[in-house]
Protein chains: 2
Amino acid sequence: MKFSTRSRYGVNAMFELALRYGEGAVSLKDVADKQSISEAYLEQLMIRLRKAGLVESQRGVQGGYLLSDRPENVSVGSIIRVLEGSVSPVDCIEGKGCQRGGTCPGRIVWQKIYDSVNDVIDRITLQDMIEEYTKQEHHG
Amino acid sequence: MKFSTRSRYGVNAMFELALRYGEGAVSLKDVADKQSISEAYLEQLMIRLRKAGLVESQRGVQGGYLLSDRPENVSVGSIIRVLEGSVSPVDCIEGKGCQRGGTCPGRIVWQKIYDSVNDVIDRITLQDMIEEYTKQEHHG
DNA sequence: CAAATCCCGACTTTGTAAATAGGGTATTGA
DNA sequence: TCAATACCCTATTTACAAAGTCGGGATTTG
């Protein structure tokens, strides 16, 4: 069970924006460099995040991206859901149900995983990430 | 975030064996038909499950597969881990840690998801699935 | 106007899950 | 003993989505 790198990149990028919240726009290049992500690839992700309303963008010289809201108001779940599409572990959950008529025997399993993951990612905010991060000695 | 169909097929197949626990060996063909899985594909999964000790096999006429243990002693987690390899949502968790030196900012997120999913799947047994299943009216 | 920067669709590459194929081995029972 | 049944195992093919690249366009600033 893996998340795509989109989620990982996206969360890291948003974390970077959160670190600099209140300091004006941060350019794509900046974020990509800091988080070691391909700039062209990250661009696609940022566009999605913008369309979802999680970040705002400014064009032109000195332009870049900014969080639309304070870090404590942005859950990791909202980021992941935008980039991952859905957190459903199998297709049965969310929408059409499985082809096998009613419910499949495994539904109880996938549903519980689904609920649990959603619960976890909705409880963590960017602010939590910052606090966790500064608590340790990552300052190089 | 998706599980591979291996996990879904595997859980469903094991569920089928659980339903018939105590009735002797169930052939691959039988399981494949009941759960609508390609027989040749399911075979690969069953072999893995056998090597992991979760099922036993009997060759020859009347042969097939049987659970190695009672349904209440088989967790869904043990099945999924065999088939999925690992439940880690990103590569940072489990083993080598990420390339970015120490810890990545997102680690707190992925670690919590990992713990949570493992907790859920370890708590559900095949017996639970049977009970959940018979509780509903799937008898056609 | 030039430089910086975001915008966006189309395309290519790559990795791996999913599925198939086919020959081999053990067991049963007529 | 032989044929049928069923598991065993490796190799290969297919399918598809993620990951990454490309190139031209639009905006903003100075």
Side-chain angles (χ1 to χ4, degrees), chain A residues 1-13 17 24-33 35-68 80 82-86 88-91 99, chain B residues 1-13 17 24-68 80 82-91 99:
Chain A
M1 188 209 60
K2 286 274 182 294
F3 282 93
S4 65
T5 63
R6 288 197 299 272
S7 290
R8 183 154 44 88
Y9 291 170
V11 168
N12 286 345
L17 294 188
V26 185
S27 77
L28 196 56
K29 183 171 183 354
D30 240 35
V31 177
D33 285 354
Q35 297 294 330
S36 308
I37 308 171
S38 143
E39 191 177 335
Y41 190 39
L42 179 59
E43 186 172 40
Q44 299 178 40
L45 308 184
M46 293 310 295
I47 288 176
R48 287 214 224 182
L49 292 169
R50 178 179 56 77
K51 287 182 176 167
L54 294 178
V55 301
E56 285 162 15
S57 63
Q58 281 173 10
R59 288 182 166 189
V61 179
Q62 306 286 359
Y65 293 93
L66 317 83
L67 290 189
S68 301
I80 292 180
V82 166
L83 298 174
E84 202 74 19
S86 153
S88 171
V90 298
D91 290 327
Q99 300 81 337
Chain B
M1 187 209 60
K2 287 274 182 291
F3 282 94
S4 65
T5 63
R6 286 197 300 271
S7 290
R8 184 154 44 88
Y9 290 170
V11 168
N12 286 346
L17 294 187
V26 185
S27 77
L28 197 54
K29 183 171 182 353
D30 241 34
V31 177
D33 284 353
K34 276 272 165 37
Q35 297 294 331
S36 309
I37 308 171
S38 143
E39 191 178 336
Y41 190 39
L42 179 60
E43 186 172 41
Q44 299 178 40
L45 308 184
M46 294 310 295
I47 288 176
R48 287 214 223 181
L49 292 169
R50 178 179 56 76
K51 287 184 175 165
L54 294 178
V55 300
E56 285 163 12
S57 64
Q58 281 174 10
R59 288 183 167 188
V61 179
Q62 307 285 0
Y65 293 93
L66 317 83
L67 289 189
S68 300
I80 292 180
V82 166
L83 297 174
E84 203 74 18
S86 153
V87 177
S88 171
V90 297
D91 290 327
Q99 299 82 336

Exercise for the section: Report yes if some heavy atom in the side chain of I47(B) is under 4.5 Å from a heavy atom in the side chain of R50(B); otherwise report no. Expected result: yes

Exercise for the section: Apply side chain to side chain contact (heavy atoms under 4.5 Å, CB included) to D33(A) and list each qualifying residue two or more places apart in sequence or on a separate chain. Expected result: K29(A)

Problem - Of all pairs that satisfy ring pair (Phe, Tyr, Trp, His ring centres under 6.0 Å), the ones with a partner from residues 39-59 of chain A, not counting sequence neighbours - result: Y9(A)-Y41(A)

Practice task
Give me the residues of residues 38-45 of chain A where at least one heavy atom lies under 4.0 Å from an atom of DNA chain D, by number, or none.
Solution key: S38(A), A40(A), Y41(A), Q44(A)

Exercise for the section: For L28(B), check side chain to side chain contact (heavy atoms under 4.5 Å, CB included) against everything at least two apart and list the hits. Expected result: E39(B), L42(B), E43(B), M46(B), Y65(B)

Exercise for the section: On DNA chain D, reading 5' to 3', which nucleotide is the first and which the last to sit with an atom under 4.0 Å from a heavy atom of chain A, could you check? Expected result: dA18(D) to dT29(D)

Handout entry: Approximate separation, where rounding is to 0.5 Å, of Q35(B) CD and D30(B) CG
Key = 11.0 Å

Exercise for the section: Considering only heavy atoms of chain A and a distance under 4.0 Å, specify the first and last nucleotide of DNA chain C in 5' to 3' order that meet this criterion. Expected result: dA3(C) to dC8(C)

Handout entry: Within residues 57-65 of chain A, residues whose heavy atoms come under 4.0 Å of DNA chain D
Key = R59(A), G60(A), V61(A)

Practice task
Apply side chain to side chain contact (heavy atoms under 4.5 Å, CB included) to R59(B) and list each qualifying residue two or more places apart in sequence or on a separate chain.
Solution key: none

Problem - Residues which pass side chain to side chain contact (heavy atoms under 4.5 Å, CB included) with L66(A), listed by chain and number, not counting sequence neighbours - result: A25(A), Q58(A)

Practice task
Please name all residues satisfying side-chain hydrogen bond (donor to acceptor under 3.5 Å, both in side chains) with S4(A), sequence neighbours left out, ordered by chain then number.
Solution key: E84(A)

